[in-house]
Protein chains: 2
Amino acid sequence: MKFSRQRELILQTVRQSEEHLTAEQVYERLKPENTTLSLGTVYRNLNLLAEQGTLCRIPVPGGADVFDRNNDGHQHIICRCCGSVMDWRIPKMEELDQYLSELTGFAVDRHDFIAWGTCKNCQN
Amino acid sequence: MKFSRQRELILQTVRQSEEHLTAEQVYERLKPENTTLSLGTVYRNLNLLAEQGTLCRIPVPGGADVFDRNNDGHQHIICRCCGSVMDWRIPKMEELDQYLSELTGFAVDRHDFIAWGTCKNCQN
DNA sequence: CTCCAAATCAGTAATGGTTCTTATTATGGT
DNA sequence: ACCATAATAAGAACCATTACTGATTTGGAG
């Protein structure tokens, strides 16, 4: 894998963000100072980094997927109202893959868990 | 909600299927004998039935959502290889929403859980 | 049964997120 | 400096899904 300025910028953008970002958001943040950057490049690199395990791609039913700097096993809670994505580490959750493999015969290697609700802010 | 022949056909198709079906698959099964049926109608009715709780819509990252006749709390395991979707009931999983609500401050009302792996058939 | 408003429909256009294609440019080893 | 390879920008293509349109069906009231 060759070094590329774009890939570095994209990785740093996700790493430096407190929130989870969509590809579009990464693009918008970088575009002003990198006028030739293209959205396709953002997607390609985010996918590469996710496959390689550097980042984590979180599928969001009904919306654009978001990318997370943390790749350790944790789960996500999405606010129906404002769309914010919160991380939460649910104990015993990693053991589930093993548990499911034994019981179902599937060779389970990962899972997506998304809880839906209303965040504290939006409850007011 | 008024009675409609189309809605009834769509519901029966999902109910009678052993597998989980995409909207497209429901459409393909009904189209031959219902030549004027349109895909939009299938989507609209599947959504209605899902909102109403009669069916369950399962989001499939990277593919078309599937619909399930069972709406009781259970989880899904998808084969990366053949795409088949298996149901599995994971104990204690319903309690998670309550658990998360207490800990995170979100008012959690549901969750999606999808495990990814290789089914027994495809392992050979 | 007939009339009518509301629900539903078929057909099709539009949307949005994402990937693919193509021709061009950057990278890093020799 | 040269060259094969990787990466890029730009935009077209793709796919699942929804939105829009004007026509049709439904079920209750008279």
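First the proteins, then the strands, lettered A, B, ... as listed; each starts at 1.
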Chemist: Would you say D/dA9 has OP1 or OP2 under 4.0 Å from some side-chain N or O of A/T36?
Modeler: yes

Chemist: Cut-off 3.5 Å, side chains only: do B/T54 and B/Q52 have a donor facing an acceptor?
Modeler: yes

Chemist: Is any side-chain nitrogen or oxygen of A/T22 closer than 4.0 Å to OP1 or OP2 of C/dG17?
Modeler: no

Chemist: Report yes or no: is there a donor-acceptor pair, N or O only, under 3.5 Å between the side chain of A/K2 and the base of C/dA26?
Modeler: no

Chemist: Rounded to the nearest angstrom, tell me the gap between atom CG in B/N45 and atom P in D/dA19.
Modeler: 15 Å

Chemist: About how many Å separate CD1 of B/I78 and NE2 of A/H111, when rounded to the nearest 0.5 Å?
Modeler: 13.5 Å

Chemist: Nearest whole angstrom, please: distance from the C1' of D/dT8 to the CG of A/N34.
Modeler: 13 Å

Chemist: Is the shortest side-chain N/O distance from B/T41 to OP1 or OP2 of C/dA10 below 4.0 Å?
Modeler: yes

Chemist: Does a nitrogen or oxygen in the side chain of A/R57 sit under 4.0 Å from OP1 or OP2 of C/dT18?
Modeler: yes

Chemist: Rounded to the nearest angstrom, tell me the gap between atom CG in A/L46 and atom P in C/dG17.
Modeler: 15 Å

Chemist: Send over the distance from A/Q6 CD to C/dA26 C1', rounded to a whole Å.
Modeler: 9 Å

Chemist: Can you figure out which of C/dT8, D/dT17, D/dT8 approaches the side chain of A/R7 most closely?
Modeler: D/dT8

Chemist: Strictly below 4.0 Å: does A/N47 bring a side-chain N or O up to OP1 or OP2 of C/dT19?
Modeler: yes

Chemist: I want to check one thing: is the phosphate of D/dA7, taken as OP1 and OP2, less than 4.0 Å away from some side-chain N or O of A/S4?
Modeler: no

Chemist: Rounded to whole angstrom units, what separation is found between the CG atom of B/L30 and the C1' atom of C/dA10?
Modeler: 15 Å

Chemist: Which heavy atom in A/C79 sits nearest to a heavy atom in A/C82, and how many Å separate them?
Modeler: SG-N, 3.4 Å

Chemist: How many Å lie between CG on A/L39 and P on D/dG11, as a whole number?
Modeler: 12 Å

Chemist: For A/Y27 and C/dG17, what is the distance between atoms OH and P respectively, to the nearest whole Å?
Modeler: 14 Å

Chemist: For A/Y43 and A/R5, find the nucleotide of DNA chain C closest to each by heavy atoms; which residue's nucleotide sits nearer the 5' end?
Modeler: A/Y43

Chemist: Look at A/R44 and D/dA7 and indicate whether a side-chain polar atom (N or O) is within less than 4.0 Å of OP1 or OP2.
Modeler: no

Chemist: Could you please spell out the steps behind the side chain to side chain contact (heavy atoms under 4.5 Å, CB included) verdict for B/L48 and B/M1?
Modeler: CA-CA 10 Å; B/L48 276 171; B/M1 200 188 252; 4.0 Å; yes

Chemist: Judged by each residue's nearest nucleotide on DNA chain D, which is more toward the 5′ side, B/F67 or A/L37?
Modeler: A/L37

Chemist: Roughly, in whole Å, what's the span from CZ in B/F3 to P in D/dG28?
Modeler: 13 Å

Chemist: Does a salt bridge link B/E94 with B/R89, judged by any charged N lying under 4.0 Å from a carboxylate O?
Modeler: yes

